[in-house]
Chemist: 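Here's a structure for you.
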Amino acid sequence: MAAAVPSIEKAAAGIKSNAVLDFLRKPKQLLINGKWVSAKSGKTFETINPANEEVLALAAEGDKADVDEAVKAARKALEGKWSSINPHQRAGYLLKIADLIEAHADELGTLESLNNGMAISLAKGMASGAADTFRYYAGWATKIYGETNPSDPSVFNYTLREPVGVCGQIIPWNGPIAMFAWKIAPALACGNVSIIKPAEQTPLTALRLGELLLEAGIPDGVVNIITGFGETAGAAIAEHPDIDKVAFTGSTEVGKLILKASAGNLKRVSLELGGKSPNIVFADANLDQCIPTSLFGFTMLSGQVCCAGTRVFVQRDFHDEFVDKLAKQASQAKAGDPLDPKTTIGPLVSKEQFDRVKGYLDIGKKEGAQPKLGGEVRNGKGYFVDPTIFTNVKNNMRIAREEIFGPVASVIPFKDENDAVLQGNDTTYGLAAAVWTNDVSRAHKVARALKAGTVWVNCYNNIDPISPFGGYKQSGIGRELGKHSIELYTQIKSVYLKLN
Ligand code: ADP
């Protein structure tokens, strides 16, 4: 039976932008070899607006057969015209893409907010940030150097830094525009080609970005976009024998599957996975900054962020004062209409996520944690959850160990510096951490002792393409951003030339 055509008027109620409405009305297809095509199976799947639970669009359900086509197109592009394009021209493409993203940032932000539920101010900021990422990597395209090596005088030895080849890039639903930029910009800067798969919950902005890439003149087959499900399209990418590298952002559970699947042809793998990040607050912290930023740390994107500061460790002496102040501020941050510019917390992305968070709120209460604020999900249309702050939490409880992906913080007291570091590091994850103190020596000591890929001191959630991002322990393998993505997307060849 053909799926019902969605009612855009209902799903995108209140949207005035013709650009957004026109895009929503168009069929959503796969981008393969520079053309928009339906899935070979003819199947589609629904994309929901999480604020009103209406169907926003029907996306093409790509699977293995479509991934095969995309890989063929990508390989042909890699071995054809794309390899003869010089670094200045590659930089030119990236700069054009950046300009187009910037020119369409409002439209992209609105689409992201409609599809993901994220607050529109954040979504627009992420779109501008994606333009920065493309610009940053445009700079790298002309600065990827090899080396001349101190070889025996009878030979000349040098290294070339070459693209890895065909890259499979699997991205999550929580920051679709940002994740598209983190993957595509460095891959192209280094001369690779890509098959990118957005998450099934949020295919829309990747498709719109695909249109912008074509507008920028990216040659056919260099970037292919396959929408579809993880178990089918995603798995086909992870195990494809002609994909050279897979870059994945998502859950630790799926990251492990990707790693296993990649063994077939020994793909290069980079994984950016989950987290349960400690946000450590010493009694000398500047609370005027620490309270709102700690709130932002666990409620940005409704807490659906891998680096969210969900374990808030507070020095015992002033635990009660801190909790009162945090709860007071959090009580004013109700989840609301993501399209309202004043909203800071939108709905969760999906029913599945809503049920998961509800489940963890129940688990927390059963474990003996006390909700100082919240503790329940909201009833009615849309997947809205207001902030919850649990106290009486022990670091070994499930709510302190497992990733909840909702606006839920556990506040845990600590005695001294040693105890803070011990408890902070007592987790299987290691993506991020924060420390709040006015003592600069302590800040450096604690930053060094924390086992996490990013440590924020007196701030939270700062992310910039200039600096690496990725995890210790089960938070991932490899680092993205900065020069580290250049490492991920290049391989080194050593050339010996015999001198006569
Ligand atoms: P979350 O748990 O936050 O939804 P996932 O790790 O399930 O995150 O999903 C992140 C991305 O991984 C999505 O694009 C999803 O489709 C994809 N994915 C899910 N399962 C698999 C799988 N078995 N193989 C490859 N990709 C997958």
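Quick caveat, the model's predicted, so the values are computed rather than measured. Ligands are counted one by one from 1 in listed order, and the atoms in each one are counted from 1 as well.
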Chemist: Give me the residue, atom name and distance of the protein heavy atom closest to atom 2 (O) of ligand 1.
Modeler: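 Going atom by atom, the protein heavy atom closest to atom 2 (O) of ligand 1 ends up being Ser251 CB, 3.7 Å.
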Chemist: Flag the pair Asp63 and Lys43 as a salt bridge only when some basic side-chain nitrogen lies within less than 4.0 angstrom of an acidic carboxylate oxygen.
Modeler: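 No, this pair does not count.
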Chemist: Establish, from distance only, whether the side-chain atoms of Asn265 and Lys267 form a donor-acceptor pair under 3.5 Å.
Modeler: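 Asn265 vs Lys267: donor-acceptor pair found between side chains.
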Chemist: What residue and atom, counting heavy atoms only, is the protein's closest point to atom 1 (P) of ligand 1, and at what distance?
Modeler: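 Looking only at protein heavy atoms, the one closest to atom 1 (P) of ligand 1 is Trp173 NE1, 3.6 Å.
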Chemist: I need the nearest protein heavy-atom contact for atom 7 (O) of ligand 1: residue, atom name and distance, please.
Modeler: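 For atom 7 (O) of ligand 1, the nearest protein heavy atom is Val254 CG2, 3.7 Å.
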Chemist: Using a 4.0 Å heavy-atom threshold (strictly under), name the region of Asn174 that reaches ligand 1: side chain, backbone, both or neither.
Modeler: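 Contact part for Asn174 vs ligand 1: neither.
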Chemist: Name all residues meeting the side chain to side chain donor-acceptor pair (under 3.5 Å) criterion together with Arg90; count only those two or more places apart in sequence or in a different chain, and write none if there are none.
Modeler: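 Result, side chain to side chain donor-acceptor pair (under 3.5 Å) vs Arg90: none returned.
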Chemist: To the nearest 0.5 Å, what is the distance between NZ (Lys26) and CZ (Arg208)?
Modeler: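 Separation between the atoms: 6.0 Å.
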Chemist: Of the protein's non-hydrogen atoms, which lies at the shortest distance from atom 25 (C) of ligand 1, and what is that distance?
Modeler: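 That would be Gly234 C, 3.1 Å.
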Chemist: Using a 3.5 Å cut-off and no angle test, enumerate the donor-acceptor pairs between side-chain atoms of residues 481-489 and protein atoms at least two apart in sequence or in another chain.
Modeler:
from: Ser485; atom 1: OG; to: Tyr137; atom 2: OH; distance (Å): 3.4
from: Ser485; atom 1: OG; to: Leu481; atom 2: N; distance (Å): 2.7
from: Tyr489; atom 1: OH; to: Gln169; atom 2: NE2; distance (Å): 2.9

Chemist: Starting from atom 27 (C) of ligand 1, find the nearest protein heavy-atom neighbour and note its residue, name and distance.
Modeler: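 Ranked first by proximity to atom 27 (C) of ligand 1 is Gly230 CA, 3.4 Å.
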Chemist: What protein heavy atom sits nearest atom 23 (N) of ligand 1, and how far away is it?
Modeler: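 Nearest neighbour among protein heavy atoms for atom 23 (N) of ligand 1, to 0.1 Å: Leu257 CD1, 3.7 Å.
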Chemist: Would you mind telling me if ligand 1 is within reach of the side chain of Ala238, the backbone, both or neither, using heavy atoms under 4.0 Å?
Modeler: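 The answer is neither.
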Chemist: Polar-atom distance check: Glu200 versus ligand 1, any N or O pair below 3.5 Å?
Modeler: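 Yes: some nitrogen or oxygen of Glu200 is under 3.5 Å from one in ligand 1.
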Chemist: Any protein heavy atom sitting closer than 4.0 Å to atom 5 (P) of ligand 1?
Modeler: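 Yes, at least one protein heavy atom sits under 4.0 Å from atom 5 (P) of ligand 1.
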Chemist: I'd like to check which ligand 1 atoms, numbered from 1 as shown, lie under 4.0 Å from a non-hydrogen atom of Ile171.
Modeler: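 Per the distance check, 11 (C), 13 (C), 14 (O).
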Chemist: Atom 10 (C) of ligand 1: which of Ile196, Thr249, Ile170 has the nearest heavy atom?
Modeler: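 Ranked by closest heavy atom to atom 10 (C) of ligand 1, first place is Thr249.
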Chemist: Can you list the ligand 1 atoms lying under 4.0 Å from a non-hydrogen atom of Phe248?
Modeler: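 Contacts of ligand 1 toward Phe248, numbered from 1: 6 (O), 10 (C), 11 (C), 12 (O).
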Chemist: Would Thr205 and Glu112 count as having a side-chain donor-acceptor pair, cut-off 3.5 Å?
Modeler: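 There is such a pair between these side chains.
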Chemist: Does a donor on one side chain sit under 3.5 Å from an acceptor on the other, for Thr44 and Lys28?
Modeler: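 There is no such pair (donor and acceptor under 3.5 Å, judged by atom type) between the side chains of Thr44 and Lys28.
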Chemist: If we count only N and O atoms by modelled type, under 3.5 Å, do the side chains of Gln29 and Ser38 hold a donor and an acceptor together?
Modeler: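 Yes, side-chain donor-acceptor contact under 3.5 Å.
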